[in-house]
Student: 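Here it is, the structure, as structure tokens.
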Amino acid sequence: MASFLNKFQDAVRTFARSPRFTKDPRKLQFEVDINRLFMYTSYNNLGKNVDEADAEQIIDMASKASFADQQKQVQENIHNQIKSLCTVMDAILLDVNEPQESQSKATPSRSGLSFAIGRNGPTNNHPDVPKTRPLKRTELSQRLKDSIGYTLDVKQSQIPHSEAGQGVFLNGEATVGSVIAIYPGVIYSPAYYRYIPGYPRVDAQNTYLITRYDGTVINAQPWGFGGETRELWDGSKMLDAKLNRVATEKGSDRLWKMLSKPLESSRVGNGEVLERRNPLALAHFANHPAKDTVPNVMICPYDFPLTEKDMRAYIPNLSFGNAEEVNMRRFGSFWFRWGSRNSESNGPVLKTLVLVATTALCDEEVLLNYRLSNSKRRPSWYTPVDEEEDQRRWS
């Protein structure tokens, strides 16, 4: 397997220099990342019987397929894995012999993010919470491992610096291209940046933020560790303050220059019935690798189709506002309104993120390249994995 992975890595470096890729640095890095994800997730699709000839064929396809085709295939590969995970968790949590009656119609408590964004009090139009088996989160986690071979644990990081705090660890074994974790929380499109708590210095007291290439920001702080049941979640439960890492300069202030203070509004609707015990909804605890250590996962944008209602409970995200209300376009460091946005041809989606394994994993800490911007002072513990990638990412 190591030789196959070396072939993939060599191919990535070669493709990044190919004239068929865009010359725009930021878009170039996105295309290179999708190219890598195409190879890793396609490799994963082949299962345990993969051989060197298969790896060569994947590399050949990656060198010839268009960026759009590769991006589409990556989405399909990730969706198939997520669908399989949802099927497994349904088998663990749902009793097909019992009618799915409401487990609770109680109004969720109001706290945390709901106050920060100005929730105007709950309504009674809440969806019913289906009945599930009364398993603790740890029990569900163990059963998931028994079914798919791995789960996740959060514990003290092995990164040797004082600000590492807690990290997320893979418990079990996972193959290359596997979806390891999902990044949970509230999703903000560029049109709603000003509603992010703490705006404009949103990262000053919150290290659980992440940004997709398309400008979508996900705030995982309200999700915390999840919960102990399937419940109606409205994004209002904040992470315990004592669990926060020391705030760092993580992210670019350039995103927030245009405006100066947060707006108050609640636009996450009445919430969604989500499986708060989801053992894989812990991507926000992944740490950046220490010096002379390499990452073992990478970020993958995943657009979850909201038409897949049977899977919805296992996608640990809520959208803030209506993503279809306005189209935004990026010009340099700023985002501007740009005409109206038409409904997507394939239906509405949740713009989420997952972590994909870039090597075979076995009982080890999950390490993610943070790719911090070099336009501002980086924390002392940060060692770039690839300075050129960092520069392209934030160009």
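Note that the coordinates shown come from a computational prediction; the quantities given were computed from them, not determined experimentally.
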Student: Please enumerate all residues that pass ring-ring contact (aromatic ring centres under 6.0 Å, His included) together with Phe169, with sequence neighbours excluded.
Tutor: none
Student: Are a donor atom and an acceptor atom from the side chains of Glu365 and Ser157 found within less than 3.5 Å of each other?
Tutor: yes
Student: Does a salt bridge link Glu387 with Arg378, judged by any charged N lying under 4.0 Å from a carboxylate O?
Tutor: yes
Student: Anything under 30° is parallel, anything over 60° is perpendicular, the rest tilted; go ahead and classify Tyr370 against His288.
Tutor: tilted
Student: Are Glu388 and Arg392 ion-paired here, with the side-chain N under 4.0 Å from a carboxylate O?
Tutor: yes
Student: If you apply the rule ring pair (Phe, Tyr, Trp, His ring centres under 6.0 Å), what do you find for Tyr40 with Tyr43, and how did you get there?
Tutor: CA-CA 5 Å; Tyr40 290 140; Tyr43 181 88; 8.2 Å; no
Student: Can a salt bridge be assigned to the pair Asp214 and Arg212 using a cut-off of 4.0 Å between side-chain N and carboxylate O?
Tutor: yes
Student: Check whether any side-chain heavy atom of Glu228 sits under 4.5 Å from a side-chain heavy atom of Lys136, and report yes or no.
Tutor: yes
Student: Can a salt bridge be assigned to the pair Arg371 and Asp33 using a cut-off of 4.0 Å between side-chain N and carboxylate O?
Tutor: yes
Student: Would you check if Trp223 and Leu274 make a side-chain contact, meaning some heavy-atom pair closer than 4.5 Å?
Tutor: yes
Student: Is any side-chain heavy atom of Ile187 closer than 4.5 Å to a side-chain heavy atom of Thr352?
Tutor: yes
Student: Considering the options Arg230, Glu308, Lys83, which one meets the side-chain hydrogen bond (donor to acceptor under 3.5 Å, both in side chains) requirement together with Tyr314?
Tutor: Arg230
Student: Looking only at atom types and distance, does a side-chain atom of Asn296 sit under 3.5 Å from a main-chain N or O of Val366, one as donor and one as acceptor?
Tutor: no
Student: Regarding Asn44 and Thr175, is there a side-chain donor-to-acceptor distance under 3.5 Å anywhere?
Tutor: yes
Student: Would you check if Leu353 and Cys300 make a side-chain contact, meaning some heavy-atom pair closer than 4.5 Å?
Tutor: no
Student: Ignoring hydrogens and geometry beyond distance, is a side-chain donor-acceptor pair present between Ser189 and Thr216 at under 3.5 Å?
Tutor: no
Student: May I ask you to check whether Gln73 and Asp69 show a side-chain donor-acceptor distance below 3.5 Å?
Tutor: no
Student: Quiz question: by atom type and distance under 3.5 Å, do the side chains of Asn35 and Glu31 form a donor-acceptor pair?
Tutor: no
Student: Walk me through whether Phe320 and Tyr195 qualify under ring pair (Phe, Tyr, Trp, His ring centres under 6.0 Å).
Tutor: CA-CA 9 Å; Phe320 186 94; Tyr195 295 94; 5.1 Å; yes
Student: Do Tyr150 and Asp363 get their side chains close enough for a donor-acceptor pair, meaning under 3.5 Å?
Tutor: no
Student: Are a donor atom and an acceptor atom from the side chains of Ser141 and Arg277 found within less than 3.5 Å of each other?
Tutor: no
Student: Check the angle between the aromatic planes of Tyr208 and Phe285 and answer parallel, tilted or perpendicular using the 30° and 60° thresholds.
Tutor: perpendicular
